[in-house]
Amino acid sequence: MEKLEKLLEWGGTKRDIVFLILSAVALIVSIFDLFPLPFDASWIAIVLCGIPILLEAFIGLVTAFDIKADVLVSIALIASVVIGEDFAAGEVAFIMQLGALLEDLTVAKARAGIEKLVHLTPRTARVLMGTEERIIPAEEVKVGDILRVLPGETVPVDGVIRSGQTSINQAVMTGESLPVDKVAGDEVSSGTVNQFGSFDMEATKVGEDSSIQRMIRLVQSADAGKAQIVGIADRWATWIVVIALTAAAITWLVTGEIIRAVTILVVFCPCALVLATPTAIMAAIGNATKHGFLVREGDALERLASVSKFTFDKTGTLTYGTPKVVQVKSFLPDVSEEELYSYAAGAELRSEHPLGKAVVSCYRTEVKKELLPVEQFQMLPGRGVQADVAGKSILAGNEQLMQERCIHLSKEIRDAVKQHLDNGCTVIYIAVEAAAAGFLALSDTLRPEAAGMIAQIKQTGVIPVLLTGDHENAARHIAKQLSIDDVQANCLPEDKLRYIDACQDEKRQVCMIGDGINDAPALKKSYVGIAMGGIGSDIAVDAADIALVNDDIKEIPHLLQLAKRMMLTIKCNLTFSMTLNFAAIVLAITGILNPVVGALVHNAGSVFVIINSAFLLKWRKKRKSS
């Protein structure tokens, strides 16, 4: 059996194309009798296209007693040859193989956008050892190694730039065609391409942990064959084989015309039915890939089409997940807000706290001035920082720090701060020379595309829900901006699980979208889990059914609409294929169809199904013009 399977795989797609061309020529020679041959030219098609079908049917029956389309086709081929309908046998074999080739090409095209990741895996890395450079296999790079990447080279592993500046083509990870400028301190991902400058980087994620390898693992787990509806089609195909054989036998006995029985076998092959679902699913997966999604499970899109609620984590999903300075307020007449900002940024320069780093980063981005000289820096754990900035003593921290240093916060300051706290902001108080000078308000900023995305989801009839561990004020503030009515705040991981359980107990299927480790249980429990693949944790991505590679949430409505369209395509394919089969069998029983015409009608149905599914590759719902 292994030798037979290897024989069938020999030559691949190129062999199939050559055999089909030769078979097509042979059938044309046969039907028009172009020149004399010692045998009917149709036998060339029977041998080249028919023998692979017979072998596949034989292997399936012997190894797994798998009664599928190949069995019925084989019977039809043999019966056609026995009664002398050589052209019908050759035609059936040719069109069956043509349909199979179209399916293979459709699937290959659908998956090409994902599988190219495998070919982009870096092979080597340039490691710095002292003053020397050594080129080693990429899989031998260790965390902490310093690597040099030259212009035109692929980044071998994930890491952080330590020196140099460049532009990186990140299309493989984000789909963006424009290069992104990178400087020291910026992160780079494996598989992306260095375009202009040379830089040295420190490896942070290597081997199976690197971005490109994580994406490849997702690719390898994508399998259209797992969809539940595929199993239904397969069961139908088995029954159709039985019905076809029974109908053919009864027709032969009643009419005494074996040609009618053979025609029934030819037209009743359930190929279009079997092709109806997997081609649609794989085409939809290909479409999703082009819009930044990696679908891990074939039935994920089938399940997504039937969800009634979309639950969103807040931080890192609807927001960027990094705090930004949204307000600088000074209450001292001789200290401007820009000065206060510079004092705060100077004091936080050496801080390791995320909020301190956020203040420095925002100052550099927004003000774009050199930081003031800093001396006598001191970290005050749980309170804030203290430093001398440009000769002035600066305190930056929480209310407890101000109280401990006996710095009075006026009612005016407290009232202004309360407004920001009510909106879910975090506040850093600033004191200059032991006097309360003002504060900085930081907030996790909303993704600009979030509101439009939520509005489009509502238009499909699906209810958006904010399911977050953040406190009530922050959650309500974000929900109000996005017009989300259902808000579940202060949720621990088990609270999210309970909410999803309760919804699904009410037969309301839930799609969960999140990014953090705390979202992993909910992603796994939900009917469909979508993880933010770029910023999301490995655990969250592994728990999800679908990963959003570039974190571009505005494409989520397209994924939902695509899933619904895919199910419509599958239902159309199934309906068409079943209707065509039963109409053809009636015509065959009455003798209107002969084996040759029956083969054309039947296989035209298979080609229609494949082409109809292929339209999903480029499908996108048209937006209504205003």
Side-chain angles (χ1 to χ4, degrees), residues 315 319-445 469-478 489-490:
T315 307
T319 67
Y320 283 111
T322 53
K324 301 285 184 184
V325 175
V326 294
Q327 173 83 60
V328 179
K329 186 72 174 175
S330 174
F331 290 90
L332 292 180
D334 56 338
V335 177
S336 69
E337 287 178 352
E338 185 175 318
E339 282 180 300
L340 187 71
Y341 202 174
S342 66
Y343 289 150
E348 298 281 11
L349 179 60
R350 298 176 192 172
S351 172
E352 291 298 315
H353 194 281
L355 288 178
K357 290 181 177 181
V359 170
V360 175
S361 174
C362 291
Y363 180 84
R364 283 174 166 160
T365 303
E366 296 166 10
V367 182
K368 297 179 181 177
K369 289 185 178 180
E370 289 293 323
L371 289 166
L372 299 174
V374 182
E375 295 178 346
Q376 305 297 320
F377 171 81
Q378 185 179 359
M379 192 80 186
L380 306 171
R383 296 292 183 266
V385 297
Q386 175 181 333
D388 290 344
V389 181
K392 294 185 179 290
S393 176
I394 306 296
L395 281 174
N398 54 26
E399 187 175 350
Q400 287 88 343
L401 176 62
M402 300 296 122
Q403 291 174 348
E404 288 174 3
R405 299 302 175 92
C406 300
I407 295 171
H408 175 67
L409 298 174
S410 66
K411 185 178 184 301
E412 185 183 10
I413 293 176
R414 291 181 181 277
D415 288 344
V417 165
K418 186 177 184 301
Q419 292 180 4
H420 290 287
L421 293 177
D422 288 343
N423 290 333
C425 293
T426 300
V427 171
I428 298 176
Y429 295 93
I430 310 296
V432 179
E433 298 293 355
F439 65 85
L440 271 63
L442 294 91
S443 177
D444 189 2
T445 52
D470 213 338
H471 57 80
E472 189 80 20
N473 288 344
R476 292 285 176 192
H477 179 65
I478 291 291
N490 298 308

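These numbers come from a predicted model, not from an experiment.
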(request) May I have the step-by-step check of side-chain contact (heavy atoms from CB on, under 4.5 Å) for Leu380 and Val385, ending in yes or no? (result) CA-CA 5 Å; Leu380 306 171; Val385 297; 5.8 Å; no
(request) Report the C-alpha separation of Glu399 and Val417 in whole Å, then their side-chain angles, then the decisive distance to 0.1 Å, and conclude whether the side-chain contact (heavy atoms from CB on, under 4.5 Å) test is met. (result) CA-CA 11 Å; Glu399 187 175 350; Val417 165; over 6 Å; no
(request) Check step by step if side-chain contact (heavy atoms from CB on, under 4.5 Å) holds for Arg405 and Gln386. (result) CA-CA 11 Å; Arg405 299 302 175 92; Gln386 175 181 333; 2.8 Å; yes
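Heavy atoms only, all atoms of each residue included: Glu348 and Gly356 are closest at OE1-CA, 3.4 Å. What you find for Arg383 and Leu401 is that their closest heavy atoms are CD-N, 3.8 Å. Met402 approaches Gly397 most closely through the heavy-atom pair CE-N, 4.3 Å. Glu433 approaches Gly391 most closely through the heavy-atom pair OE2-O, 3.9 Å. Here the shortest heavy-atom pairing between Arg414 and Leu409 reads NE-O, 3.4 Å. The minimum heavy-atom distance linking Ala347 with Val389 is given by the pair N-CG2, 3.6 Å.
Between the OH atom in Tyr429 and the CD1 atom in Ile407 there is a gap of 12.0 Å [rounded to 0.5 Å]. Taking CD1 of Ile428 as the start and OG1 of Thr426 as the end, the distance is 8.0 Å to the nearest 0.5 Å. Interatomic distance, CG of Asn473 versus CD1 of Ile478, reported as 12.0 Å (0.5 Å rounding). Taken from CZ in Arg476 to CG in Asp422, the straight-line distance is 14.0 Å, to the nearest 0.5 Å.
Although no hydrogens or angles enter the test, the distance criterion places no donor-acceptor pair under 3.5 Å between the side chain of Ser361 and the main chain of Lys357.
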Under 3.5 Å, side-chain donor or acceptor atoms of residues 330-343 against the rest of the protein: list the pairs with distances, not counting sequence neighbours.
residue	atom	partner	partner atom	Å
Ser330	OG	Leu332	N	3.4
Ser330	OG	Leu332	O	3.4
Ser330	OG	Val335	O	2.6
Ser336	OG	Glu339	N	3.1
Ser336	OG	Glu339	OE1	3.4
Glu338	OE2	Lys369	NZ	2.5
Glu339	OE1	Ser336	N	3.0
Tyr341	OH	Tyr363	N	3.3
Tyr341	OH	Glu366	OE1	3.2
Ser342	OG	Glu339	O	2.6

Name the atoms and distances for all side-chain donor-acceptor pairs under 3.5 Å in residues 434-444, with sequence neighbours left out.
residue	atom	partner	partner atom	Å
Asp444	OD1	Thr319	OG1	3.2
Asp444	OD1	Gly321	N	2.9
Asp444	OD2	Thr319	OG1	2.4

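Using a 4.5 Å cut-off on side-chain heavy atoms (C-beta onward), Val360 and Leu371 make contact. A heavy-atom distance below 4.5 Å is not found between the side chains of Lys324 and Thr365.
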